[in-house]
Trainee: 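Sharing a structure here in structure tokens format.
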Amino acid sequence: MILKESQIMKIHYITGIAALFVVAVHIIMRLVMPFSMSLEYENVIANYQNIAYAVLLESILVLIAIHGFNGLRIILIEFRQNIAWENGVTVFTLVAMIALIAYGTRTIIVANGLG
Amino acid sequence: MKSSNEDRIYSDGNKRENREGLRAWLNPSRYGWERISYWLQRLTGVFLLIYFVGHVIETSSLVDGKDAWNAMLELTQTTWGHLFLILVIGTSTFHSANGIRLLFTETGRGLGKPGRPDYPYSPVSLNYRQKSGIWIALILAATAMLYGASILFAGE
């Protein structure tokens with residue numbers, strides 16, 4: 001299915017606004033205690049083992065990956081317009097987005113299972 | 001009468017081709033506040049995407065155990081690491097606040113009403129609401145950077 005640019009822009013704005021909220025929660029989690037203490041291994045693992053927080057991290061990963069790589073696609077298409085370039089940029093950003101989501105999801109799943 | 005630039009762009013019949021490309025993007029001779037905001041939105045976006053990819057990679061050291069995690073922290077929890085994070089805080093705040101302004105603009109809010117073009121031909125769309133939105137984004141970014149610095153350098 002091919003989306004229209006207007007639909008893609010709606011997705012871009014929705015992912016941007018949603019990312020704002022989930023990233024705010026992510027930052028607040030770092031500020032509920034002294035910053036250096038919040039980064040201690042045991043504390044970070046405890047965060048990842050909390051299912052709600054793991055879901056939050058996954059949503060940050062998906063939302064920012066979609067928003068970020070679509071933003072990159074928009075910038076690259078502004079530089080140059082022809083069918084081959086536009087298709088190449090779309091494929092590149094889609095593959096990079098999926099690869100980053102897969103890599104980050106692996107970290108969340110493995111860290112969630114650590115004792 | 002068409003300018004020579006228009007002739008250059010359209011002479012081959014390919015109206016989708018933007019021949020200026022990156023040069024047009026970086027040309028400072030056509031800068032107003034809105035142009036600077038357009039430029040900053042893209043620069044901060046690309047910077048934040050690079051940071052995000054790096055952040056996903058650095059946090060993956062978690063799965064290699066405590067030693068790998070602490071080795072990564074030794075690299076990032078330094079004065080330069082903190083300064084870099086302050087830059088991330090500033091750029092992400094500007095990108096978010098300016099992004100919200102753009103969202104309003106795209107839905108037609110804050111653009112002003114079309115009217116007869118009178119001297120000195122100031123476009124109603126580039127009004128004080130748009131300019132103050134850009135200033136608010138810059139002020140919020142500076143405030144967030146100061147707050148971030150107070151947190152990050154509190155323990156030093």
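For the numbers below, each heavy atom of this structure counts, side chains included, while hydrogens, waters and symmetry mates do not. Within every chain, numbering begins at 1; the chains are lettered A, B, ... in the order of the sequence lines, protein sequences first and strands thereafter. What you see is a predicted model, and the numbers here were worked out from it, not measured in a lab.
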Trainee: In the single-linkage hydrophobic clustering (I, L, V, M, F, W, Y; side-chain heavy atoms under 4.5 Å), do B:Phe47 and B:Leu43 co-cluster?
Mentor: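 B:Phe47 and B:Leu43: one cluster.
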Trainee: Any side-chain to backbone donor/acceptor pair from B:Trp69 onto A:Glu42? Under 3.5 Å, distance only.
Mentor: no
Trainee: Passes side-chain contact (heavy atoms from CB on, under 4.5 Å), A:Ile17 versus B:Ile100? Steps please.
Mentor: CA-CA 8 Å; A:Ile17 294 289; B:Ile100 291 168; 4.1 Å; yes
Trainee: Please tell me whether B:Leu152 and A:Val23 are part of a single hydrophobic cluster in this structure, the criterion being side-chain heavy atoms less than 4.5 Å apart.
Mentor: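 Both belong to a single hydrophobic cluster.
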Trainee: For a 4.5 angstrom cut-off between non-hydrogen side-chain atoms, does A:Phe35 reach B:Leu85?
Mentor: yes
Trainee: With side-chain contact (heavy atoms from CB on, under 4.5 Å) as the criterion, how do A:Leu61 and B:Phe52 come out once you've worked through the C-alpha distance, each side chain's angles and the decisive distance to 0.1 Å?
Mentor: CA-CA 9 Å; A:Leu61 180 67; B:Phe52 183 65; 4.0 Å; yes
Trainee: Evaluate B:Val63 against A:Arg106 for side-chain contact (heavy atoms from CB on, under 4.5 Å), listing each step before the verdict.
Mentor: CA-CA 9 Å; B:Val63 302; A:Arg106 166 195 164 265; 3.7 Å; yes
Trainee: In terms of heavy-atom proximity below 4.5 Å to chain B, should A:His67 be classed as side chain, backbone, both, or neither?
Mentor: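 Only the side chain of A:His67 comes within 4.5 Å of chain B.
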Trainee: Can you tell me which portion of B:Glu106 sits under 4.5 Å from chain A's heavy atoms? Options are side chain, backbone, both or neither.
Mentor: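 Side chain only.
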Trainee: Is there a path of hydrophobic side-chain contacts, each under 4.5 Å between heavy atoms, that joins B:Leu75 and B:Phe153?
Mentor: no
Trainee: Return yes when atom CG of B:Asp118 has more than 12 non-hydrogen atoms of other residues, nucleotides or ligands closer than 6.0 Å, and no otherwise.
Mentor: yes
Trainee: What distance separates A:Ser36 OG from B:Ile151 CD1, expressed to the nearest 0.5 Å?
Mentor: 11.0 Å
Trainee: Can you tell me how far CG of B:Leu103 sits from OH of A:Tyr13, rounded to the nearest 0.5 angstrom?
Mentor: 6.0 Å
Trainee: Test B:Leu49 against every option in A:Leu72, A:Leu100, A:Ile75 by the side chain to side chain contact (heavy atoms under 4.5 Å, CB included) rule and name the one that passes.
Mentor: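 Only match with B:Leu49 under side chain to side chain contact (heavy atoms under 4.5 Å, CB included): A:Leu72.
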Trainee: Answer whether the closest heavy-atom distance between the side chains of B:Tyr147 and A:Leu31 falls below 4.5 Å.
Mentor: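 Yes, side chains in contact.
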Trainee: If you tally heavy-atom pairs under 4.5 Å against chain B, which of A:Ile74, A:Ile27, A:Leu39 wins?
Mentor: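 Ranked by contacts with chain B, first place is A:Leu39.
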Trainee: For B:Val56 and A:Gly104, which heavy atoms make the closest approach, and how far apart are they?
Mentor: CG1-CA, 3.8 Å
Trainee: Distance check, rounded to the nearest 0.5 Å: B:Lys66 atom NZ versus A:Ile45 atom CD1?
Mentor: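 Nearest 0.5 Å value for the NZ-CD1 distance: 11.0 Å.
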Trainee: In this structure, are over 12 heavy atoms from other groups packed under 6.0 Å from A:Tyr103 atom OH?
Mentor: yes
Trainee: So which part of B:Tyr51 gets closer than 4.5 Å to some heavy atom of chain A, the side chain, the backbone, both or neither?
Mentor: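 Interface part for B:Tyr51: neither.
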Trainee: Check the pair A:Tyr48 / B:Thr59 against side-chain contact (heavy atoms from CB on, under 4.5 Å), numbers first and verdict last.
Mentor: CA-CA 11 Å; A:Tyr48 274 76; B:Thr59 49; 4.1 Å; yes
Trainee: Do B:Leu40 and B:Leu102 belong together in a cluster built from hydrophobic side chains that touch within less than 4.5 Å?
Mentor: no
Trainee: If you count every heavy atom of other residues, nucleotides or ligands that lies below 6.0 Å from B:Lys131 atom NZ, does the total exceed 12?
Mentor: yes
Trainee: When heavy-atom pairs shorter than 4.5 Å are enumerated against chain B, which of A:Ile108, A:Ile60, A:Val44 gives the highest number?
Mentor: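 Most heavy-atom pairs under 4.5 Å with chain B: A:Val44.
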Trainee: Are A:Val25 and A:Met33 joined in one hydrophobic group, where the rule is that I, L, V, M, F, W and Y side chains link up if heavy atoms are under 4.5 Å apart?
Mentor: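 In one cluster: no.
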